[in-house]
Amino acid sequence: MKQFADWLSTTSPSVFIQEHNTWAIPAIQSIHIVGIALVMGSVLMIDLRILGWAGTDQTLRQTTSRFGPWLTGSLWLMLATGILMVIGEPVRELVTFSFWLKMTLVAVGALVAVIFQRTLRRHDPQWEDALVQRGSIKAMAVFTFFVWAFIIVLGRLIAYDHIWGSWSPAATQ
Ligand code: HEM
C-alpha cells in the first residue's frame with residue numbers, strides 16, 4: 001500500500017493538489033465537513049422517526065423518502081471529496097489504520113441504509129404497522145447512529161494514527 005501511495009503521489013492530479021495545497025485541501029475538506037452535517041442530519045431524522053421521538057405525523061416511508069435522497073447524495077459528495085483528499089495526500093491517508101477502519105464502517109453504514117430503504121419499499125405495510133415497533137429495530141437505529149458518529153471520530157483520527165500503536169501501518173514503516 002505504501003508503494004501504491006508513493007506512486008499515486010507522483011501522478012499529475014496529486015501533484016496539482018500538492019502544488020495548490022494552501023487552498024485545495026482546505027476547500028475540499030470544507031465541502032467534506034458540510035457533507036458530515038448532511039449525513040448526520042438525515043440519519044438522525046430517520047432514526048428519530050424509527051424511535052418515535054420525532055416526525056410521528058409522517059409515515060416511516062414519507063420520512064425516508066424525504067431524508068433518504070439527502071443521505072445518498074451526501075454520501076456520494078463525501079466519497080468524491082474523500083477520494084480527492086486521498087489523491088492529494090496518499091501516504092497520509094492510505095497508510096493509516098483509522099482510514100481503513102473508517103472505510104469499512106462507511107461501507108457497513110451505507111449497506112445497512114440501502115437494505116433498510118429497499119425492504120421498506122417492498123414491505124411498506126409491515127414496517128409501518130409492526131416492524132417499526134420492534135425493540136430490535138429501534139436498537140438498530142441507535143446502533144447505526146453511533147456507527148456514523150464513530151466514523152466522524154475516525155475521520156479526525158487519521159491525522160493522529162499513532163494512537164493505535166502497532167495497529168497503525170505507519171508504526172511498522
Ligand atoms: C465516503 C467515503 C469517504 C472517504 C473516501 C473519506 C475520506 C476522508 C479523508 C481522506 C479525510 C482526510 C483525513 C486527514 O487527512 O486528516 C477525511 C476526513 C474526515 N472525514 Fe471522511 N471520508 C469519507 C466519508 C466520511 C463520512 C461518511 C464521514 C462522517 C459521517 C466522514 C468524516 C470525516 C471527518 C470528521 C474528517 C476529518 C476532517 C478534519 O479534521 O478536517 N468522512 N475523510
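Model, not experiment: these values are computed from the prediction. Order of appearance sets the numbers: ligands from 1, and atoms from 1 within every ligand.
The protein heavy-atom contact nearest to atom 11 (C) of ligand 1 is Met85 CE, 3.5 Å. Counting protein heavy atoms only, atom 16 (O) of ligand 1 is closest to Arg92 NH2, 2.7 Å. Scanning the protein heavy atoms around atom 28 (C) of ligand 1, the nearest turns out to be Ile151 CG2, 3.6 Å. Looking only at heavy atoms of the protein, atom 40 (O) of ligand 1 is closest to Arg156 NE, 2.4 Å. Nearest protein neighbour of atom 3 (C) of ligand 1, counting heavy atoms only, is Met103 CE, 3.5 Å.
Without hydrogens or angle criteria, Ser98 side chain to Leu154 main chain gives no donor-acceptor distance under 3.5 Å.
The shortest heavy-atom contact between Phe67 and Ser42 is O-CB, 3.5 Å.
Counting heavy atoms from C-beta on, the side chains of Leu94 and Trp100 come closer than 4.5 Å. Side-chain contact between Glu89 and Gln18 is absent, with no heavy atoms from C-beta onward closer than 4.5 Å.
Every atom of ligand 1 with a heavy atom of Ile158 under 4.0 Å away is listed here by number and element: 13 (C), 14 (C). Near Gly82, meaning under 4.0 Å from any of its heavy atoms, are these atoms of ligand 1: 4 (C), 5 (C), 6 (C), 7 (C), 10 (C).
For a distance bound of 2.8 Å, the N, O or S atoms of Lys102 include one lying that close to atom 21 (Fe) of ligand 1.
Contact annotation for Glu93 and ligand 1: only side-chain heavy atoms (C-beta onward) come within less than 4.0 Å of the ligand. When heavy-atom distances to ligand 1 are checked against a 4.0 Å cut-off, Ile152 comes that close through both its backbone and its side chain.
Expressed to the nearest 0.5 Å, how far CD1 of Ile151 lies from CE of Met78 amounts to 9.5 Å.
Using cut-offs of 30° and 60° on the angle between ring planes, the pair Trp7 and Phe4 is tilted. Ring geometry, Trp167 versus Phe97: the interplanar angle falls from 30° to 60°, so the pair is classed tilted.
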